[in-house]
Amino acid sequence: MSVGFIGAGQLAHALVKGFAASGVIATHKITASSPQTNLPAATALRRMGVNLTTSNKEAVSRSDVLFLGVKPHIIPFVLDEIGPDIEERHLIVSCAAGVTISSIEKKLLQYHPAPKVIRCMSNTPVMVLEGATVYAVGTHTELEDTKLLEQLMTSVGYCTEVEEDLIDAVTGLSGSGPAYAFTAIDALADGGVKMGLPRRLAVRLGAQALLGAARMLLDSEQHPGQLKDNVASPGGATIHALHVMESGGFRSLLINAVEASCIRTRELQHLADQEKISPSAIKKTTLKKVLQQPGVTGAGVGVRTGISLFSSPSSKQKGN
Amino acid sequence: IEFLLCPSKFLNMSVGFIGAGQLAHALVKGFTAAGVIAAHRITTSSPDTDLPTVTGLRKMGVNFTTSNKETTHKSDVLFLAVKPHIIPFVLDEIGPDIEDRHLIVSCAAGVTISSIEKKLLQYRATPKVIRCMTNTPVVVREGATVYATGTHAEVEDGQLLEQLMASVGFCTEVEEDLIDAVTGLSGSGPAYAFTALDALADGGVKMGLPRRLAVRLGAQALLGAAKMLLDSEQHPGQLKDNVCSPGGATIHALHFLESGGFRSLLINAVEASCIRTRELQFLADQEKISPAAIKKTTLDKVMQQPGVSDTSVGTKSRVNLFNNISGVKKP
């Protein structure tokens with residue numbers, strides 16, 4: 001089984017790193033494509049033994065499972081480009097926040113009667129085999145496709161199927177969650193340094209405390225509130241600390257964060273559903289590089305995507 | 001990191017816990033899961049047999065007794081896992097029973113090595129004391145522990161403790177004057193995390209997720225992020241940047257956190273816990289236990305233990321036993 005990534009950025013890098021570490025697939029059976037080959041993530045992928053190419057079409061032809069690891073607004077563009085090359089065997093897995101299964105299927109149905117699509121939301125800790133992934137299956141996806149994806153994603157962390165309409169909320173929680181954690185650890189370390197600890201030790205202890213607590217919760221049937229109670233001895237240091245957190249509305253800030261991320265995800269989905277990419281959303285040089293790939297025609301890409309290529313200053317188009 | 005332990009060293013070693021509460025329970029669970037010591041070589045004591053943790057400890061195959069003196073006799077490494085204000089009381093009780101082999105490890109927040117040594121020097125010329133600050137995730141072998149060695153503790157005593165504690169998580173030696181700050185950070189840290197996880201789950205539920213899934217995803221996200229940081233040489237800020245794609249959902253969320261002073265609340269928390277720890281230390285250094293700090297029934301139970309005399313416990317701890325209503329004293 002071969003795996004491909006359209007897009008050689010953070011997501012592809014994290015997933016490949018995790019897959020390689022877990023041994024679920026060999027890196028030489030992975031292909032990643034991006035018109036920009038000088039990104040740090042792309043370099044890292046190459047170093048891991050992944051086949052790197054500038055041609056999305058090549059990534060498609062070399063894969064059975066194809067991850068779409070590009071930014072949400074690029075998805076329609078990519079789908080139009082690779083649409084003609086999708087075959088029976090392909091399982092398309094979109095990891096783009098806010099991009100619906102129906103929007104992807106709608107695009108691909110122009111090229112193929114039964115495109116197999118799974119929508120997935122993962123997060124960067126897949127790279128240390130502690131990711132959190134949810135997925136929803138599309139109209140034409142078979143059970144064995146589902147099992148295949150679950151096998152891949154379970155090798156790099158927690159994975160479960162959900163109804164598609166929960167995925168935006170998951171984005172807000174575990175998709176963005178690591179960023180909340182990194183911010184918290186930075187602040188905890190600042191607290192430790194303020195009270196006299198060397199920085200390195202403070203970062204280490206802060207991260208270890210969060211990790212240990214999360215592990216306790218995952219391994220326990222108890223409510224987080226019960227676990228918190230167990231740590232807060234009467235009149236002790238911890239309950240004093242908890243009071244200052246509550247006084248500042250700590251909990252509320254985290255609820256706000258999850259909500260904000262989820263709402264923004266839905267906004268992005270709405271913008272994507274408009275089915276038109278603003279020319280200003282794509283770099284002219286990138287577009288040009290894509291058009292230079294074998295098999296890509298300006299007509300194919302431009303007309304369907306709705307980008308007016310005739311406005312492009314560099315109006316030179318190569319076709320096959 | 002799994003240390004390669006010399007099995008024979010631990011087969012002959014016994015560990016005791018004065019106190020059978022949360023800390024003793026968590027450490028015993030961790031040690032037995034790590035296989036670093038067999039349950040039957042662990043003894044724990046408490047005058048209070050109703051604690052829920054006592055049942056848990058018993059179920060793990062640990063020897064349970066109501067006599068602190070018995071625990072002392074049966075141990076080589078003796079953890080003091082009682083609340084800080086109880087420490088002087090316990091030290092007076094077991095002081096006469098400390099022998100050369102004993103390594104006393106105090107886990108009590110804010111209790112200094114010098115205060116412990118001062119008490120024990122009444123009974124022993126060179127008491128070996130280590131002060132330690134750990135946290136409850138030792139129970140799943142992901143603890144964070146620091147320790148400082150006392151005047152008469154040898155290098156090998158420090159190494160012994162480090163091997164024990166490294167089996168249940170991260171462990172490193174520090175200067176004693178950093179321990180209060182560690183208490184504020186990783187000692188109390190799990191409580192900050194549990195609060196955060198409860199709130200994150202609330203956020204997920206608000207946006208439509210079932211509770212169980214929301215708790216699971218929140219905990220997994222924190223765990224994964226912490227692991228990424230521990231495995232990486234990068235700054236947490238860099239790792240945060242890597243997750244924030246331009247105009248994306250995450251940076252929108254982060255703005256809310258920053259607007260509300262999220263970071264500041266965590267700095268405040270670490271500071272408050274550290275300051276309270278120092279306060280507790282100051283109170284303990286006063287060297288007097290208010291009779292109001294100990295339950296009369298508990299005191300009574302202690303007094304009934306073989307070998308405990310009211311003069312040794314009461315006078316040295318300066319608890320006025322003649323106010324004891326039950327008035328029954330056994331020699």
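Since we're looking at a predicted model, the values are computed, not measured.
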With respect to chain B, which residue among [options] yields the maximal number of heavy-atom pairs within a distance under 4.5 Å?
options                                : value
A:Ala41, A:Pro72, A:Ala184             : A:Ala184
A:Val126, A:Val231, A:Leu254           : A:Leu254
A:Gly157, A:Ala260, A:Gly9             : A:Ala260
A:Val134, A:Asn230, A:Leu268           : A:Asn230
A:Leu129, A:Leu227, A:Ile185, A:Asn256 : A:Leu227
A:Ala179, A:Ser252, A:Ala181           : A:Ala179

**Message:** So, using side-chain contact (heavy atoms from CB on, under 4.5 Å) as the criterion, who are the partners of B:Ala148 when residues are at least two apart?
**Reply:** B:Ile113, B:Glu176, B:Ile179

Where on [X] is there a heavy atom nearer than 4.5 Å to chain B: the side chain, the backbone, both, or neither?
X        : result
A:Glu259 : both
A:Met127 : side chain
A:Val170 : both
A:Ala232 : neither
A:Thr160 : side chain
A:Gln226 : neither
A:Val162 : side chain
A:Asn123 : side chain

**Message:** For a salt bridge (Lys or Arg N to Asp or Glu O under 4.0 Å) check, start with the C-alpha distance between A:Arg251 and B:Asp198, then their side-chain angles and the critical distance, and finish with the verdict.
**Reply:** CA-CA 8 Å; A:Arg251 292 173 187 257; B:Asp198 204 8; 3.1 Å; yes

Of the backbone (N, CA, C, O) and the side chain (C-beta and beyond), which part of [X] lies under 4.5 Å from a heavy atom of chain A, both, or neither?
X        : result
B:Lys206 : side chain
B:Asn135 : side chain
B:Ala196 : both
B:Pro210 : side chain
B:Glu175 : neither
B:Arg211 : neither

Does a side-chain heavy-atom distance below 4.5 Å link [X] with [Y]?
X        : Y        : result
B:His25  : B:Met60  : yes
B:Glu162 : B:Thr172 : no
B:Val54  : B:Leu51  : yes
A:Tyr135 : A:Arg119 : no

**Ring geometry between B:Phe79 and B:Phe17 (parallel below 30°, tilted from 30 to 60°, perpendicular above 60°)** = parallel

Heavy-atom pairs under 4.5 Å with chain A - which of [options] has more of them than the others?
options                                : result
B:Leu23, B:Leu209, B:Leu229            : B:Leu209
B:Ala269, B:Ala109, B:Gly203, B:Ala249 : B:Ala249
B:Thr277, B:Asp202, B:Leu254, B:Val139 : B:Leu254
B:Leu265, B:Ile275, B:Val243           : B:Leu265
B:Val146, B:Thr195, B:Thr136           : B:Thr195
B:Ala26, B:Gly187, B:Gly247, B:Gly204  : B:Gly247

Which heavy atom in [X] sits nearest to a heavy atom in [Y], and how many Å separate them?
X        : Y        : answer
B:Arg131 : B:Thr112 : NH1-CA, 3.8 Å
A:Cys120 : A:Thr133 : SG-CG2, 3.7 Å
A:Asp168 : A:Gly98  : OD1-CA, 4.0 Å
A:Phe19  : A:Leu152 : CE2-O, 3.4 Å
A:Thr238 : B:Ser273 : N-OG, 4.3 Å
B:Phe194 : A:Lys228 : CD1-N, 3.6 Å

**Prompt:** Between B:Lys83 and B:Asp48, does at least one N-O distance fall below 4.0 Å, as a salt bridge requires?
**Reply:** no

Which pairs of donor and acceptor atoms, one on a side chain in residues 201-224 of chain A, lie under 3.5 Å apart (sequence neighbours left out)?
unit_1: A:Gln208; atom_1: NE2; unit_2: B:Glu142; atom_2: O; d: 3.1
unit_1: A:Gln208; atom_1: NE2; unit_2: B:Glu142; atom_2: OE1; d: 2.9
unit_1: A:Gln208; atom_1: NE2; unit_2: B:Gly143; atom_2: O; d: 3.4
unit_1: A:Arg215; atom_1: NH2; unit_2: A:Glu130; atom_2: OE2; d: 3.3
unit_1: A:Ser220; atom_1: OG; unit_2: A:Gln222; atom_2: N; d: 2.7
unit_1: A:His223; atom_1: ND1; unit_2: A:Gly225; atom_2: N; d: 2.7

